[in-house]
Amino acid sequence: MPKKPFYSEGLYFSCARCSACCRYERGYVFLSKADVQSLVQACKMEYGHFVQVYCRWVPMGDGNERLSLREKAGFDCIFWSDGCTVYRNRPLQCRTFPFWASVLSSQAAWKTAQSGCPGMGQGEFHSGEEIEACLAEQQEEKLISRKNSGVRGV
Ligand code: SF4
């Protein structure tokens with residue numbers, strides 16, 4: 001019988017709204033069509049104009065590039081201003097942290113991520129089933145990508 005993942009009995013997490021994962025360090029927030037549509041609504045902008053103003057294309061090293069949110073100088077998320085300014089419409093990647101495949105790949109990976117996030121290991125209980133559903137939702141989500149255009153992402 002395959003070994004159960006370490007999170008099968010559930011994990012504790014409540015965001016402490018410290019903003020550490022939204023600021024200070026370079027990172028990517030990859031977007032699906034649903035993410036962009038939701039943000040377009042929040043920003044009351046046209047889809048194409050939104051992509052031009054708030055997004056960048058990131059080369060993935062496999063001949064493709066993915067659409068990500070831009071960052072401000074100093075690596076703050078483009079939507080960070082004394083907190084998340086699009087919190088209700090934030091992308092799935094933000095909504096599902098820390099229940100990402102990379103963070104849940106092992107207890108050691110969870111512990112490493114925990115050292116940078118005061119919300120992990122405290123607060124609300126999330127069952128193993130809930131975590132699995134969260135992982136499945138991310139797997140099903142089709143991120144926006146295209147063939148590498150040769151233009152460097154900014
Ligand atoms: S680092 Fe953790 S506690 Fe801080 S904002 Fe991000 S998810 Fe919330």
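Excluded from the calculations below are hydrogen atoms, water molecules and symmetry mates; all remaining heavy atoms, backbone and side chain alike, are included. Since we're looking at a predicted model, the values are computed, not measured. Ligands are counted one by one from 1 in listed order, and the atoms in each one are counted from 1 as well.
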*Side chain of Arg70, backbone of Val53: donor and acceptor closer than 3.5 Å?*
yes
_What I'd like to find out is whether the side chain of Phe13 reaches to under 4.5 Å of the side chain of Cys117, using heavy atoms alone._
yes
*Taking side chain as C-beta onward, heavy atoms only, is Arg56 less than 4.5 Å from Glu71?*
yes
_Shell of protein N/O/S atoms around atom 4 (Fe) of ligand 1, taken as anything under 2.8 Å_ = Cys18 SG
*May I ask you to list the atoms of ligand 1 that are less than 4.0 angstrom from any heavy atom of Phe97?*
7 (S)
*asked:* Assess, by modelled atom type and distance only, whether the side chains of Ser32 and Asp35 contain a donor and an acceptor separated by less than 3.5 Å.
replied: yes
*Could you tell me how the ring of Trp100 sits relative to the ring of Phe97: parallel (under 30°), tilted (30 to 60°) or perpendicular (over 60°)?*
perpendicular
*Are Tyr7 and Phe99 close enough that some pair of their side-chain heavy atoms sits under 4.5 Å apart?*
no
